[in-house]
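So the structure is just underneath, and the comments pick up after that.
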Amino acid sequence: QDSGPQATRFPRRPRQLSDAMAAAAEPFALEPHLEVCRARPAHFEGCGVGMRCDEAVRKGEELLRVPLSKCWTAEAAKSSPELSALDPELLEAVSDESLIALHLLAVRAASARGGAAEEVGAEGAVRREHVKLLEAAEIETLLDWSLEDLQLLTGSKWAMVVAQQRADMLEEFSELEDVIGDFLAGLQIDLQAFLWAHRLLLSRSVHFYMEDGSTLQVLGPGQDMFNHSLDAPVGDEDVSLTTAQGGRRSLVIRAYKDFEAGEQACYSYGGASNGRLLLMAGFVLPGNAFDAVELQFMLPPCSDAARPLFQQLARGLDAGAHAVGSVAVETKSGFMDALPDGSLALHAQLTGGELGPQLERVLAFFRLVRLCRGGAAPSPEELAVSDGDRTIRLAVLKQLRDHLQQMLAAYPSTLAEDEASLRAGEEARAVQVPTPKERRRESSLRVLVGEKRIFAQALAWLDASTGASSGSA
């Protein structure tokens, strides 16, 4: 019986089939390298290229099984002939994602030269074939949006996230040029190539939680070509990293339902807000049940004696706020960072359901800040008493409401205005095909509308709680 780490998907956009990809995917060049392959690339109306079942596959049966040794991972990159020639200490300092990116580009460079990659054997063969498919793939993430396009998301965290990601990638590539410039030049790896590889990984890779609590980033040949289905349950049963006797690991995709021969096989990319979907996959979902708004609060420095109290609260931030199976680090409900000046950055996520418990967790931090003024460290008894203090309760409710109002004011338009613009766009799309710019505008509006609706729900909850606390004796 296989067992292993739990998986979570990084969502990707439906594949678009280019002429080059159609040529590369027929026949399916990866099939000889896979342990199980019961689906192959095909074009589907409305969603581009996906994976079509070669035969009937029953629920729970394997659609695809790829040995981990044939997948792209940081360990595979470090042991590849090209990268293993570099200083081991340098490799340890490079991020896992950039190691995989460099490995991808090394194999691509060998193919471009018309020669064989240095990597030999079954692993080298499947990677060479996979790179051909990846080169032909059409990908869109928020990293592909212009600065003008990103202004459509003004006020949302996601406009800032993609700007930071770009800056981080530019900085990392500059550092790599300083240290291994000759290596990069020899493989013709420039900034554009480096960004291409990172966009691939952002869009197509899978992350697994390992037994020790770490995460493993994997890009699996064939796995990256399956489309998302809203019908697939969010969980860890359809995609997994299994471990057989002897410790041999494989990436496995199982059917979440019965599929007939010729039917498109899909799996769930996991619960993700429209903002995250747009960032990583280039698409959004109308009425996304996983819509969320990301918040950040700056808390003042506290004494060393009080810091464990904040850390204890932080450990409970991600408790009970996600649907079953939503276990990705990237979608945590909240976490806390300690900054060099001693202050604390509280990151919180609000979703559309069960807002009360989510807001109460934030209120607990605001209450603790008040109790820790002047370097104090309240005792357990003082903390217990503060829970029922009506004056403190009203103060932190107002404080949180003021914060949310300020965040809402950062958007240049109101919820009503965005909803009207979204309806107008939908009506226009019904009579003519939207341009890429219009599609991006509609996607942005869906992100903004989802976030502002959650803000409105949160403010309504805070108002109701304030009224209840004001009226209590």
Side-chain angles (χ1 to χ4, degrees), residues 7-18 20-22 24-26 28 30-31 34 36-57 59 61-66 71 130 133-134 136-142 144 199-207 218-240 251-274 276-290 325-326 328 439 443 446:
T8 182
R9 270 69 64 205
F10 280 9
R12 299 172 296 278
R13 70 174 305 198
R15 308 291 177 232
Q16 300 301 311
L17 189 65
S18 64
M21 189 162 196
E26 187 59 45
F28 190 27
L30 297 180
E31 184 173 3
L34 309 178
V36 175
C37 182
R38 301 174 72 183
R40 66 182 61 246
H43 186 266
F44 295 91
E45 189 66 30
C47 62
V49 68
M51 295 293 276
R52 181 180 62 202
C53 292
D54 290 333
E55 58 188 275
V57 182
K59 180 179 179 180
E61 291 181 349
E62 293 184 4
L63 286 159
L64 195 80
R65 175 180 282 265
V66 190
C71 296
H130 194 205
L133 291 172
L134 293 173
E138 295 182 9
I139 300 168
E140 180 174 337
T141 71
L142 278 185
D144 299 290
R199 286 169 49 237
L200 278 173
L201 295 172
L202 177 66
S203 175
R204 291 174 169 242
S205 63
V206 185
H207 283 62
V218 180
L219 177 62
Q223 154 267 316
D224 61 312
M225 302 183 74
F226 282 81
N227 280 329
H228 171 63
S229 173
L230 284 172
D231 297 328
V234 176
D236 299 316
E237 297 179 359
D238 52 353
V239 180
S240 59
L251 189 161
V252 177
I253 298 178
R254 292 184 173 85
Y256 74 88
K257 71 176 188 71
D258 291 348
F259 290 106
E260 298 303 323
E263 184 178 359
Q264 181 178 190
C266 304
Y267 62 78
S268 170
Y269 290 173
S273 70
N274 274 339
R276 184 162 293 282
L277 285 173
L278 194 58
L279 170 69
M280 310 177 80
F283 71 93
V284 296
L285 300 174
N288 188 349
F290 297 99
S326 181
R439 285 196 296 269
S443 295
R446 291 200 184 279

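All of these numbers come straight from a predicted model, not from anything done at the bench. Sequential numbering from 1 along the given sequence is applied to the chain's residues.
How far NE2 of H43 is from CZ of R52: 12.0 Å, rounded to the nearest 0.5 Å. Note that SG of C37 is 9.5 Å distant from CG of L63, once rounded to the nearest 0.5 Å.
Counting only heavy atoms from C-beta outward, the side chains of L133 and F28 approach each other to under 4.5 Å. Residues M280 and T141 have side chains not in contact (no heavy-atom distance under 4.5 Å, counting atoms from C-beta outward). A heavy-atom distance below 4.5 Å is not found between the side chains of C71 and L219. By the 4.5 Å heavy-atom criterion applied to side chains, V66 and Q223 are not counted as neighbours.
The shortest non-hydrogen separation linking A255 to V57 is CB-CG1, 3.9 Å. The two residues M51 and P41 have their closest heavy-atom pair at SD-N, 3.7 Å. Closest heavy-atom contact between A265 and C53: CB-SG, 3.7 Å. Considering every non-hydrogen atom in both A137 and R204, the closest pair reads CB-NH2, 3.3 Å. In this structure, V284 and R446 approach most closely via the heavy-atom pair CG2-CD, 3.7 Å. The two residues L30 and H130 come nearest to each other via the heavy atoms CD2-N, 3.7 Å.
Considering E61, E263, E62, E31 as possible partners of R38, the one that fulfils the salt bridge (charged side-chain N to carboxylate O under 4.0 Å, His left out) test is E61.
The closest donor-acceptor contact from the side chain of D238 to the backbone of S268 lies under 3.5 Å. Within the 3.5 Å criterion, the main-chain N or O of L142 finds no donor-acceptor partner in the side chain of D144. In terms of modelled atom types and a separation under 3.5 Å, the side chain of N274 and the main chain of S443 share no donor-acceptor contact.
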Show the numbers, then the answer: is there a side-chain contact (heavy atoms from CB on, under 4.5 Å) between L64 and F226?
CA-CA 10 Å; L64 195 80; F226 282 81; 4.0 Å; yes
As a quick check of understanding, evaluate side-chain contact (heavy atoms from CB on, under 4.5 Å) for H228 and L277, giving each step before the final call.
CA-CA 11 Å; H228 171 63; L277 285 173; 5.9 Å; no
